[in-house]
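Sequence lines set the chain letters: A, B, ... in the order given, protein chains first and strands last, and positions in each chain run from 1. The figures here come from the full heavy-atom set of this structure, side chains too, leaving out hydrogens, waters and symmetry mates.
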Amino acid sequence: MPVFRKPESIINTAGYCGGCGHGVIQRLIAESIEELGLQDHVIGCVDIACSFWSQDALNFEFIAGPHGRCAAVATGIKKVRPDATVYVHAGDGCSYVIGLSETIYAAIRDVPITMVVVNNGIFGMTGGQLNLATTLIGDKTLSSKAGRDPKTMGHPVDMLKTIANCDVAFAARGALYDVKHIDETKRYIKKGFQNQVENRGFSIIEVLSPCPTNWKLSPVDAMAKIKNETEKVFPVGVYVDRGGKD
Amino acid sequence: MAKAKANTDLCKGCRLCVANCPRKAITALETVNKKGYEIIEVNEELCIGCGICYKVCPDYVFTVE
C-alpha cells in the first residue's frame, strides 16, 4: 500500500485560515522539489500577502520583495545564482494586478524560474477587496458591495492567455476542488520544476484556490463554487507546453 | 493495511476531509483542540488507506501508513 506522509521540507504548521488552498499548494511545491531531489539549493520568493506564511513552514531559503514584485526579485536571483532552484509562490493580486508588468516581463525574458500563482479571485490578506483580473461578475467583495458590475468594473481576464502570447516554456492552470485536480496540479508544478532543471524557460502554473474567509462561505461550499462558477470562466488545462525546444 | 492517522492538534476544522472521504470514515466532532477548532475522528474499521484525506487537507493533519 502507498504511504502518504508530510514532506520533510515542511517543518512548521501552515499559518493560513482553515480550508485555505495555500496549505495544499505549499505541500505540492515541497513534494515536487523533494521528488526531483532539489531540496538542498532552493530559493523561494514570496509575496507580502498570504503566501508570506510559507517562509515559516518550509525549510528552504526565502526572500520577500516589495509587494507584487516577486517575479522581478526571482529574475534577479536566477541571474546571479543560475544553479539554484528559484520559485515564486504568490497570489493573483501580486502577479496579475500590482505586479502585472513584472510577471509579463519575466515571461518576455523567458527566465528559467517556476512561478506558482494562487488564483483565489480576491485580495485575501487585506480583507477581501475586488481583484480586477480575477473576481467573477456578480461576486460581492469588500469594495464591490453590490457585486461586480461589468459596466463600471470591467470583466475578469484570463491572464494565462496573455502570458501564452509571450514565448514561455510552460503555462497551465490547475484547481484544488477535488483529488483528481489536486493530483493534476501537482503534475503541472512538478513539470514546472523539471523545466527549470533542464533550463528550458519560464514556467507558470496558476491554481484555482478557495478563500473561504473572504468569500464568506464554508470551505466545502467554497470548493463547490470553484467547481461550478470559477472553472467556467478560467478553464483548467495546459495552455503552453513548448516541450524540448529551447 | 495502511490506515489514516490524524494529528488533530493541527486541525483547523475545515471539514474538507469529511466531505471528500469516499468511505465516510471521517466524522466531524464538536470536541475542540488546543487552538479552539472543532476536530475530526477517523474510523479505522472503515478506512481503506486511499490517501484522499492526506491530499485534500491544507494543514497536514493526516499520515497514511
Could you report the tightest heavy-atom contact between [X] and [Y], atom names first, then the distance?
X        : Y        : result
Gly18(A) : Cys14(B) : C-CB, 3.9 Å
Asp59(B) : Ala14(A) : OD1-CB, 3.8 Å
Arg27(A) : Lys55(B) : NH2-O, 2.7 Å
Arg5(A)  : Tyr54(B) : O-OH, 3.0 Å
Ala2(B)  : Pro2(A)  : CB-O, 4.3 Å

Can you tell me if [X] has over 12 outside heavy atoms packed within less than 6.0 Å of its [atom1]?
X         : atom1 : result
Glu61(A)  : CD    : no
Trp215(A) : CH2   : yes
Lys140(A) : NZ    : no

>> Within the 4.5 Å heavy-atom criterion, are Val220(A) and Leu16(B) side-chain neighbours or not?
In response: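 Yes, their side chains come closer than 4.5 Å.
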
> Hey, does Val179(A) have a side-chain heavy atom less than 4.5 Å from the side chain of Val56(B)?
Replying inline: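 They are in side-chain contact.
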
> Which value, rounded to the nearest 0.5 Å, describes the distance between Lys6(A) atom NZ and Cys57(B) atom SG?
Replying inline: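 With rounding to 0.5 Å, NZ (Lys6(A)) is 10.5 Å from SG (Cys57(B)).
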
> For the side chain of Lys12(B) and the backbone of Cys20(A), is there at least one donor-acceptor N/O pair under 3.5 Å apart?
Replying inline: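 No; judged by distance alone, with no hydrogens or angles, the pair does not exist.
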
>> Heavy-atom cut-off 4.5 Å, strictly under: side chain, backbone, both or neither for Cys11(B) against chain A?
In response: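 Cys11(B) has no heavy atom closer than 4.5 Å to chain A.
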
> Using non-hydrogen atoms only, which part of Ala19(B) is less than 4.5 Å away from chain A: side chain, backbone, both, or neither?
Replying inline: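 The side chain, not the backbone.
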
>> Please classify the contact of Ile10(A) with chain B as side chain, backbone, both or neither, using a heavy-atom distance under 4.5 Å.
In response: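 Just its side chain gets close to chain B.
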
